[in-house]
Amino acid sequence: MAANKYMENTQSKKQSRLRFDWILVAILVLALFLYGWQIWKAGSANAFYTAAIKSMTESFHNFWYGSFDPAGYITVDKPPVALWFMAISAKIFGVHGWSVVLPSVLFGVGSVYLMYRIIQPYFGKNAARLSALALTLTPIVVADSRTNNMDATLVFFLMLALYFLEKAIGSRKIWSLLISFALIGIAFNVKMLQAFMILPAMYLFYWLAANETWKRKISKLVFATVSLLVFTLAYPISVDMTSASSRPYVGGSETNSLLELAFGYNGSERLLGQTTGTGGTFGAGMNSKTQKKGGGMPGSGSKQPTGTKHNGKSMTPPGGKNMKGQPNGGKKGGPGKMGAGGGGGGAFNIGTAGPFRLFQSALGPEVSWLLPFALFGLIGGLVYFRDRRKRWFNLTTKQKQLILWTGWLVPVYGFFSIASFFHPYYMIMLAPPIAALFGTGVSALVGLFRNNLRTNWKFYLLPAAIIATAALQSWYVYSYYPWLTWIILIAAIVFSIGMAILPRGKAFQTLLVGGMLSIMAAPAWWSLTPTIAAESAMIPTAGPSLLTSSSSGMPGGGGGMGNNSVNTKLLNYVEKNQGSAKYLFATSDSTTAAPYIIKTGKAVMAMGGFNGTDPAITLTQFKKLVKDGNLKYFYYSGKSGNTKIINWIKKHATKVKTSLYQSSNSTSSQPGMASPGTTSSTKSTKGKAPTGKTTSGKAPAAGKGRPSGKPGSKPSMSRKSKMKPNKTTSKTPSKSTHKSSQGQGNMQGPGGMGSTGVLYDLSSIYK
């Protein structure tokens, strides 16, 4: 009888697992729509990574190291794990905008599913559904999941690690625990130290939740830590131990070391400020005010008018917007319109450091819509889920679950409150804990509301959470939709008062649904904007500005930076004259090189990596490439670079006649994407080359057409140096008219293949 009963219970559990939650299915379909719709219009997405993906499909050597270029000269400035998935997709389907974005879409949907699976066993289906829905409708989650950046992949692996951690506690099997911490090691090789931000929560949660002796807990956690270290360090150490001549240079590092990249550029500099790769320091003052003054950009310290260029980059974001994201001469500023791309702070505006930074207009519209409710929900949950028969420090299972998500939220919140160097789209790291505390918080606050009288403070937590959340959202939406501000506030207040009057029965349920809708509508609309705008940018954002910035210069509505266009005339010239040279041409930075790698699949040397300042090659090595006939052309785009090499080129190389690779009616196209409608033409005035004779081998006058720095200086900028803007890059860009079949223009100008760069012929030097 006992055996039969056991079999029946086992069978019933299996049947319950097989049952579909159709509401969950609807949420997953919604996520798939938001993340995946119109990704076939992604163009080149983040061209920096797309170029690497193109190169990685060329050989296993490039695939393993995450090489930016087909020749295996330099890597991207991140580990390659996320790119591996994208390269596999591109190998199967071909290199298209949608194929390189597809893994991020699937990882984004997978994170939503994992959210449900983690919450449901402890808090029930309704809390799990609400948590999954909140994650789905977090604007920056949508924007990130529509790009080939690493962030959606990172969050998926972090969520998967928590899923196995829960299994380890439930089953008491060490293998699940080892897998959980191994996944954090894999996540480290997605985006380095950012993955470690949830480790404190994992250690604390396992210690509190595991029903084992303290000795067994310690022994298991020791093994888990070993698993973490093995999967964290195996790849970086293997790269660093490989001879530098047998692998690409590690992009973004100063010493050609992946570990140095992890703890330097992608580690301490994120907290303290960027001192490498830009020629200056990207400090904590990177807010809207310093941007407007020009003081927040790397290396800047003086006031610059809107539209000037700095270090080869235009201070005016694409689409003719100032640093607050407003069209020049536009109507009004405000919380919702700060930054290019619309709705957040743009590529560099990260607000003012402090405890309320994540509520500010620079970052808040990306992720913080439901944060007030989540905080109220955390307080209510700790109260509601406690066991009154025991002392307060005897935590229940549900309270321990809340501590897990709080342990994720607090360190991440604290880091981004004080950190000096990051982009607003990194806010996706806050989305899972906010979503989890929102979903569980609804369950807790509703319970407190029903179980307490009006004389008890716990009764008012639910309406206070709704009204506080609505107040913050009203501020966010005011710049775009003043009328919506009042609708959100009035609806939240009316539904809250109605619930207080009718705290029981179907009327309460209807009012509760209305209250939830009043605080979900605005973030839902913000989340929909990247999908409507077909956004898939280098710097992803969400917000209504995307719907009016289709001419911002990036595929999918903007929010990015860099150049995605190809100068067809220049390309034809260098291809025709490349001969047996290994490289099609060389240039200072990856932004200039990327479109040509994507378009042709040929090796283009980004001499100094992403920003042009990596010390990846010496003058002696460069001379040897030229002498051996492996490099015939160098394109000087005006961006920072290795001053020794650039000055040597200007002194000894011959300038190619501008008429051979530039024209007043040049055609620029999206680089090599097979998706329809990704080609655009650009009409521009004929640009002027930097000051200097166009045919002689003499170097131009100092400060005219040469990067800052003295001849003979070190090939890379020192960590404490400050790069001053070049005189040649302080002029207003030439006016251009953009036409596109999709209304998606291409950004011409500094750092790109517009009409202002200079092409040098190196082949005559050693003749």
Side-chain angles (χ1 to χ4, degrees), residues 48-49 51-84 87 185-186 188-193 229-267 276-277 580-584 586-590 593 597 601-631 641-642 644-645 648 714-719:
F48 178 51
Y49 294 138
I53 293 166
K54 177 82 170 182
S55 301
M56 291 166 70
T57 61
E58 299 293 321
S59 71
F60 181 78
H61 180 270
N62 292 345
F63 176 87
W64 178 250
Y65 292 109
S67 176
F68 169 75
D69 58 284
Y73 164 72
I74 196 169
T75 71
V76 296
D77 57 2
K78 300 291 187 300
V81 169
L83 295 176
W84 285 346
I186 295 174
F188 174 89
N189 288 287
V190 171
K191 212 174 179 190
M192 295 192 158
L193 288 178
L229 293 175
V230 168
F231 280 86
T232 296
L233 298 175
Y235 180 80
I237 290 178
S238 70
V239 171
D240 286 359
M241 291 181 66
T242 303
S243 172
S245 61
S246 301
R247 61 170 173 83
Y249 184 91
V250 178
S253 72
E254 292 290 295
T255 59
N256 197 12
S257 166
L258 201 55
L259 286 174
E260 185 262 317
L261 176 67
F263 293 97
Y265 177 77
N266 286 324
T276 61
S580 60
K582 181 178 181 179
Y583 293 95
L584 186 62
T587 189
S588 292
D589 62 287
S590 298
I597 294 174
K602 294 184 177 181
V604 178
M605 176 185 284
M607 193 168 63
F610 181 74
N611 284 306
T613 55
D614 293 348
I617 190 171
T618 65
L619 177 58
T620 301
Q621 293 170 331
F622 189 86
K623 287 180 178 179
K624 188 175 188 306
L625 281 176
V626 175
K627 189 173 183 179
D628 293 344
N630 288 319
L631 180 61
N642 187 314
K644 273 189 176 181
I645 295 177
W648 179 79
K714 294 181 180 180
S716 66
M717 298 303 301
S718 67
R719 289 179 180 267

Counting only N and O atoms by type, is there a donor-acceptor contact under 3.5 Å from the side chain of [X] to the main-chain atoms of [Y]?
X: Asn611; Y: Thr613; result: no
X: Glu260; Y: Ser253; result: no
X: Asp614; Y: Gly252; result: yes
X: Ser55; Y: Ala51; result: yes
X: Thr75; Y: Gly251; result: yes

Residue pair [X] / [Y], side-chain heavy-atom distance below 4.5 Å:
X: Ile74; Y: Ser67; result: no
X: Asn189; Y: Pro236; result: yes
X: Arg247; Y: Val250; result: yes
X: Asp69; Y: Ile597; result: yes
X: Pro248; Y: His61; result: yes
X: Met605; Y: Leu625; result: yes
X: Tyr249; Y: Ile617; result: no
X: Met607; Y: Thr587; result: no

If I take atom [atom1] from residue [X] and atom [atom2] from residue [Y], how far apart are they, to the nearest 0.5 angstrom?
X: Ile237; Y: Leu233; atom1: CD1; atom2: CG; result: 4.5 Å
X: Thr620; Y: Lys644; atom1: OG1; atom2: NZ; result: 8.0 Å
X: Thr618; Y: Ile645; atom1: OG1; atom2: CD1; result: 7.0 Å
X: Leu83; Y: Asn62; atom1: CG; atom2: CG; result: 12.0 Å
X: Met192; Y: Lys78; atom1: CE; atom2: NZ; result: 8.5 Å
X: Leu261; Y: Glu254; atom1: CG; atom2: CD; result: 10.5 Å

> Do we see a donor-acceptor contact under 3.5 Å between the side chains of Ser245 and Ser243?
Replying inline: yes
>> Using the ring pair (Phe, Tyr, Trp, His ring centres under 6.0 Å) definition, which of the options Tyr65, Trp64, Phe188 pairs with Tyr235?
In response: Trp64
> How are the rings of Tyr73 and Tyr583 set to each other: parallel, tilted or perpendicular (split at 30° and 60°)?
Replying inline: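 Judged by the thresholds at 30° and 60°, the geometry between Tyr73 and Tyr583 is perpendicular.
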For [X], which residues count as a side chain to side chain contact (heavy atoms under 4.5 Å, CB included) partner, sequence neighbours excluded?
X: Ala581; answer: Gln578, Lys632
X: Asp240; answer: Ser257, Leu258, Leu259
X: Lys623; answer: Leu619, Trp648, Tyr766

>> Does Lys582 form a side chain to side chain contact (heavy atoms under 4.5 Å, CB included) with Leu631? I'd like the steps, not just the answer.
In response: CA-CA 6 Å; Lys582 181 178 181 179; Leu631 180 61; over 6 Å; no
> Are there more than 12 heavy atoms of other residues, nucleotides or ligands under 6.0 Å from atom CZ of Phe622?
Replying inline: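 Atom CZ in Phe622 is packed in, count exceeds 12.
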>> Test ring pair (Phe, Tyr, Trp, His ring centres under 6.0 Å) on Phe68 and Phe48; report intermediate values, then the result.
In response: CA-CA 8 Å; Phe68 169 75; Phe48 178 51; 5.6 Å; yes
>> Testing the basics here: between Ala603 and Pro70, what is the closest heavy-atom pair and its distance to 0.1 Å?
In response: CA-CD, 3.8 Å
